[in-house]
Participant: 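Submitted below is the structure of interest, expressed as structure tokens.
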Amino acid sequence: SYFLPLSFKFILLAYFILTCIYSFKLKTIILIDVYTLAILYTIRILAGMAIVNTEFSSWLLLFSFFFFTSLAFVKRYTELFFASKKEKKSLHGRGYLVENLLLVKVFGIASGFISVLVLGLYLNSERASATYAHPQILAAICPIILYWISRIWLKASTGLVHDDPILFAIRDRVTYITLALIAVTMLFAIY
């Protein structure tokens, strides 16, 4: 990182420290573990912004935080779902009880939907108008992301997401179609 911007170095240091704290303590604290995971994923985006030396977007960071919070809750939900199938009462070392299954699901779905709300609010911002020639076209992304979030939660509810939603997304054909639709929509919005 010697040749990279100073801001990236500070972000990398913060990421390292938070990862260590998460590994040694925070992963055992109910809810804090999920929010920490979401922050860690969001910090990666922040690091990318620092590397390419672009202006930090609070819109992107807010969207990312809520989106990743939803995915982190998917992870906990699937762990709880499979623990319940094995008739366990809790997740070892996590602080969650099988009775938390429904609430974890509600928190996760709500977080995902809030990420789409943040995106929708961004569309009416000055930043969107300054960045895109036709920001109103980006409104088409909202139902696309809403569909993807709803779908992953439906899959998780039936036990079709196994532990890690990121791995699920990488192996999922619909995720690639969703990303392609988002990319095409963004191209139309730019030009």
Side-chain angles (χ1 to χ4, degrees), residues 1-54 56-115 118 145 148-149 151-153 155-157 159-172 175 179:
S1 71
Y2 179 77
F3 297 103
L4 295 174
L6 184 61
S7 58
F8 173 79
K9 293 173 190 168
F10 283 124
I11 293 168
L12 184 62
L13 179 63
Y15 185 86
F16 174 74
I17 291 169
L18 186 56
T19 301
C20 290
I21 295 169
Y22 173 80
S23 296
F24 292 116
K25 182 63 183 164
L26 299 180
K27 71 179 181 179
T28 64
I29 304 173
I30 192 168
L31 298 178
I32 299 298
D33 64 326
V34 169
Y35 299 130
T36 305
L37 285 174
I39 290 168
L40 286 169
Y41 281 121
T42 304
I43 288 174
R44 292 178 187 184
I45 292 172
L46 198 59
M49 290 175 168
I51 287 175
V52 296
N53 202 21
T54 186
F56 293 111
S57 169
S58 58
W59 288 107
L60 176 60
L61 296 176
L62 240 131
F63 167 82
S64 300
F65 173 75
F66 285 111
F67 184 80
F68 292 135
T69 297
S70 183
L71 291 183
F73 273 120
V74 168
K75 183 170 177 52
R76 289 297 169 260
Y77 178 84
T78 57
E79 291 169 347
L80 283 168
F81 179 85
F82 289 112
S84 73
K85 296 294 180 198
K86 295 177 184 175
E87 298 185 9
K88 293 183 179 179
K89 295 190 184 292
S90 64
L91 291 181
H92 177 70
R94 295 287 186 199
Y96 292 89
L97 303 174
V98 170
E99 289 86 22
N100 301 137
L101 196 62
L102 180 60
L103 277 175
V104 167
K105 185 177 186 178
V106 169
F107 296 157
I109 293 170
S111 298
F113 284 24
I114 290 171
S115 71
V118 169
I145 295 175
W148 189 87
I149 290 167
R151 183 175 176 274
I152 197 168
W153 275 101
K155 296 273 185 192
S157 296
L160 296 175
V161 177
H162 297 281
D163 192 35
D164 192 340
I166 303 297
L167 289 177
F168 171 83
I170 289 170
R171 296 182 193 127
D172 181 44
T175 297
L179 290 173

Participant: Report the residues that fulfil ring-ring contact (aromatic ring centres under 6.0 Å, His included) with F67, sequence neighbours left out, ordered by chain and then residue number.
Facilitator: F63, W148
Participant: Counting only pairs under 3.5 Å, give me each side-chain donor-acceptor contact of residues 103-114, with atom names and distances, residues two or more places apart or in other chains.
Facilitator:
from, atom 1, to, atom 2, distance (Å)
K105, NZ, S157, OG, 2.8
S111, OG, F107, O, 2.8

Participant: Can you confirm whether more than 12 heavy atoms, excluding those of F56, are under 6.0 Å from its CZ atom?
Facilitator: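 Above 12, so yes.
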Participant: Applying ring-ring contact (aromatic ring centres under 6.0 Å, His included), name anything that partners F66, two or more places apart in sequence or on another chain.
Facilitator: none
Participant: Just verifying a value: how many Å separate L61 CG and I45 CD1, rounded to the nearest 0.5 Å?
Facilitator: 7.0 Å
Participant: Locate the shortest heavy-atom distance separating S57 from M49; write the atom from each residue and the value.
Facilitator: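 Nearest heavy atoms, S57 then M49: N-CE, 3.6 Å.
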Participant: Testing the basics here: between E99 and K89, what is the closest heavy-atom pair and its distance to 0.1 Å?
Facilitator: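 Minimum heavy-atom separation between E99 and K89: OE1-O, 4.4 Å.
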Participant: Would you list the pairs meeting side chain to side chain donor-acceptor pair (under 3.5 Å) in which at least one residue belongs to residues 7-21, sequence neighbours left out?
Facilitator: Y15-R44
Participant: Quick one: NZ on K25 to NZ on K27, what's the gap to the nearest 0.5 Å?
Facilitator: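 These two atoms lie 11.5 Å from each other.
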Participant: So which atom in A50 and which in P5 form the shortest heavy-atom distance, rounded to 0.1 Å?
Facilitator: O-CG, 3.3 Å
Participant: Using 0.5 Å steps for rounding, measure from the CZ atom of F73 to the OG1 atom of T78.
Facilitator: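 That separation rounds to 13.0 Å.
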Participant: Which residues satisfy the side chain to side chain donor-acceptor pair (under 3.5 Å) test with S70, sequence neighbours excluded?
Facilitator: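 Only W153 meet the side chain to side chain donor-acceptor pair (under 3.5 Å) criterion with S70.
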Participant: Set out, in order, the CA-CA distance, both residues' side-chain angles and the distance that settles side chain to side chain contact (heavy atoms under 4.5 Å, CB included) for N100 and L97, then state yes or no.
Facilitator: CA-CA 5 Å; N100 301 137; L97 303 174; 3.6 Å; yes
Participant: Enter the distance from I32:CD1 to I21:CD1 here, rounded to the nearest 0.5 Å.
Facilitator: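 Nearest 0.5 Å value for the CD1-CD1 distance: 12.5 Å.
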Participant: Is any side-chain heavy atom of I152 closer than 4.5 Å to a side-chain heavy atom of T175?
Facilitator: no
Participant: Testing the basics here: between A38 and T69, what is the closest heavy-atom pair and its distance to 0.1 Å?
Facilitator: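 Where A38 meets T69 most closely, the heavy atoms are CB-OG1, 3.2 Å.
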Participant: What distance do L46 atom CG and F8 atom CZ have between them, rounded to the nearest 0.5 Å?
Facilitator: 10.5 Å
Participant: Considering non-hydrogen atoms only, spot the tightest contact between G95 and I30 and give its length.
Facilitator: O-CD1, 3.6 Å
Participant: Run the side chain to side chain contact (heavy atoms under 4.5 Å, CB included) test on Y22 and L37 for me, step by step, so that the C-alpha distance in whole Å, both residues' side-chain angles and the decisive distance to 0.1 Å come before the verdict.
Facilitator: CA-CA 8 Å; Y22 173 80; L37 285 174; 3.7 Å; yes
Participant: Under the side chain to side chain donor-acceptor pair (under 3.5 Å) test, which residues partner D33, sequence neighbours left out?
Facilitator: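 Applying side chain to side chain donor-acceptor pair (under 3.5 Å) to D33 gives R76, Y96.
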Participant: Might you point out which heavy atoms bring V98 and S84 nearest each other, and give the distance in Å?
Facilitator: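 Closest approach of V98 to S84, heavy atoms only: CG1-CB, 3.5 Å.
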Participant: Please walk me through it: do R151 and D172 pass side chain to side chain contact (heavy atoms under 4.5 Å, CB included)?
Facilitator: CA-CA 11 Å; R151 183 175 176 274; D172 181 44; 2.7 Å; yes
Participant: Which distance, rounded to the nearest 0.5 Å, do you find between the CG of L13 and the CG of L18?
Facilitator: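 It comes to 11.0 Å.
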Participant: Once the angle between the rings of F68 and Y41 is folded into 0 to 90°, is it parallel (under 30°), tilted (30 to 60°) or perpendicular (over 60°)?
Facilitator: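 The arrangement is tilted - the two ring planes meet at 30° to 60°.
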Participant: Quick one: are I39 and T36 in side-chain contact, heavy atoms under 4.5 Å?
Facilitator: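 Counting from C-beta outward, I39 and T36 never come under 4.5 Å.
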